[in-house]
Amino acid sequence: MEHSQTVCVVGLGYIGLPTAAILAANGHEVIGVDVDARHVEEINAGRVPFVEPDLESVVAGVVAQGRLRAQETMPHAQAYIVAVPTPFGAAYDVDPRFVHAAADAIAPQLRGGELIILESTSPPGLTEAMGDFILSRRPDLTLDGDQHNSIYLAHCPERVLPGRIMIEIVANDRIIGGVGARAAERARDLYATFCKGELLITDARTAEMAKLVENSYRDVNIAFANELSIISDRLGIDVWKLIELANHHPRVNILQPGPGVGGHCIAVDPWFIVAAAPEESRLIRTAREVNDAKPEHVIDRILARAARFRDPVVAALGIAFKADIDDLRESPSRGIVGRIGLEMPHARVRVVEPHIAALPPELEAMDNVELHGLDSALDEADVVVLLVDHAEFRAVERDRLREKVVIDTKGLWR
Ligand code: SAJ
């Protein structure tokens, strides 16, 4: 292993915490910073405040060894990795407030020689803007390399898949975009201490764009599948069979339709490209619109098929944004469940979500929506809506669905 460093990871969420844990497990002294006091306390007790396979054992181990500690204040460190949210603002451009807050807190700690890596998904130019922001607070420092007062800035977007983070954080290739060549080399040396994938060096803007392009590629391809499912509904064709057959062609690989696209990445990142080049991003924008419209199509189908019952019991299976995780952010199924409850006030909606202990507030507040176990929800249901392909749902015996109206948005029970 290369020499160990003091590394500060700013933002201990789905990306920051695994990154902090893996750095600590590879010999670095890691200080995690988060604004949430409860989060900090949990991590210092070796616990992980969200579901991600294999993460908790690593966190518990490095905390017990004293290699990772969390705190609310910004320390001095040799390297900083910023992994804070970059949501979109009103005009679908980035809201940089968390990046600015991190930069604001890091700036007074700098002495010259530090490496600062932005991992948060960024529109083209945000990493350079972060550098300008730091220099505006610290005019005594420079981004020109190899001087006593140089700081080194790079963008290294994360590409891990929730549910497989601990595998992919080590195995995936990484793009490292430096603001200057020296910064990229230093960032590469740090990632090389735990990353077994290829470390690909470029400039910060290209790295920013590469990340957005990867997620847009997936969004466009899912939009194609979702559009096919709507066309197929109209033409009376089984879309799953259709895609399976078409995918036998050696150069065709269509993705799977679903109730819409969720999560905080694929449903967000393409908008940064659209905001940066609105006239030119026609396909990317349309794909977003197609995917955003899919939940409405699902709602219409549910309402139409449930119309024959007076006071139906609806079992809604899954409100996470995808299979086998507990993340409800930007989840289309969560929105669909809310709308069913609203549009059918006389229906009783039984939500089954094995990965959560309580409904999110907006569903909790609805009188006709309740969290249920799978068995009781299925027993009572007139209408069963499959919204997430969780492993638990895959195992449901088909006999239990007989004589019920079934709307399977993931093609799980074909
Ligand atoms: N989905 C479909 N059909 C499919 C595949 C996915 O409807 O065939 C839906 C899912 O149900 C979910 C959404 O798309 O609602 C996104 O899920 P995902 O598994 O495609 O991706 P994320 O959001 O969990 O993670 C993505 C990954 N990006 C790519 O695969 C290009 C991951 O590698 C990134 O690190 C992550 O975004 C990120 O943080 O940017």
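For ligands, and for the atoms within them, numbers begin at 1 and follow the listed sequence.
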Starting from atom 1 (N) of ligand 1, which protein heavy atom do you reach first, and at what distance in Å? Ile222 CD1, 3.5 Å
Any side-chain to backbone donor/acceptor pair from Glu52 onto Tyr14? Under 3.5 Å, distance only. no
Side chain, backbone, both or neither: the part of Arg218 lying under 4.0 Å from ligand 1 by heavy atom: side chain
Okay, side chain of Thr409, backbone of Gly258: is any donor-acceptor separation there less than 3.5 Å? no
re atom 4 (C) of ligand 1, the protein heavy-atom contact at minimum distance is Gln256 O, 3.5 Å
Carefully, step by step, assess Ser331 and Lys322 under the rule side chain to side chain donor-acceptor pair (under 3.5 Å). CA-CA 8 Å; Ser331 167; Lys322 66 174 193 174; over 6 Å; no
Which of the numbered atoms in ligand 1 are under 4.0 angstrom from any heavy atom belonging to Lys211? 35 (O), 38 (C), 39 (O), 40 (O)
In the protein, which heavy atom is nearest to atom 19 (O) of ligand 1, and how far is it? Lys322 NZ, 2.9 Å
Donor-acceptor check, side chain of Glu208 to backbone of Gly125, threshold 3.5 angstrom: yes or no? yes
How does Val160 reach ligand 1, by side chain, by backbone, by both or by neither, if only non-hydrogen atoms under 4.0 Å count? backbone
Does the side chain of Leu401 come within less than 4.5 Å of Leu378's, by heavy atoms? yes
Test log, rule side chain to side chain donor-acceptor pair (under 3.5 Å), inputs Glu392 and His390: CA-CA 5 Å; Glu392 288 86 344; His390 287 317; 5.0 Å; no
Close side-chain approach of Leu386 and Ile407, heavy atoms under 4.5 Å: no
For ligand 1, which atoms, with element, lie under 4.0 Å from some heavy atom of Arg159? 32 (C), 33 (O), 34 (C), 35 (O)
Evaluation steps, side chain to side chain contact (heavy atoms under 4.5 Å, CB included), between Leu371 and Arg350: CA-CA 6 Å; Leu371 190 61; Arg350 313 285 199 223; over 6 Å; no
Please list, in number order, the atoms of ligand 1 under 4.0 Å from a heavy atom of Glu214. 31 (C)
Does any N or O atom in Asn215 lie less than 3.5 angstrom from one in ligand 1, N or O only? yes
Check Arg97 with Asp95, please: is the shortest side-chain N to carboxylate O separation under 4.0 Å? yes
Sub-6.0 Å ring centroid separation between Phe272 and Phe88: no
Near Cys265 (heavy-atom distance under 4.0 Å), the atoms of ligand 1 are 36 (C), 37 (O), 38 (C), 39 (O), 40 (O)
Judged by heavy atoms only, the candidate from Leu212, Ile266, Ile165, Asn172 nearest atom 26 (C) of ligand 1 is Ile266
Candidates Pro157, Pro162, Gly262, Gly258; heavy atom nearest atom 16 (C) of ligand 1 found on Gly262
Mark the output for Leu161 as yes if a heavy-atom distance to ligand 1 is under 4.0 Å, and as no if none is. yes
Please confirm whether Phe321 comes within less than 3.5 Å of ligand 1 when only nitrogen or oxygen atoms on both sides are compared. yes
Checking contacts here: is it the side chain or the backbone of Lys410 that comes within 4.0 Å of ligand 1, counting heavy atoms only? Could be both or neither. side chain
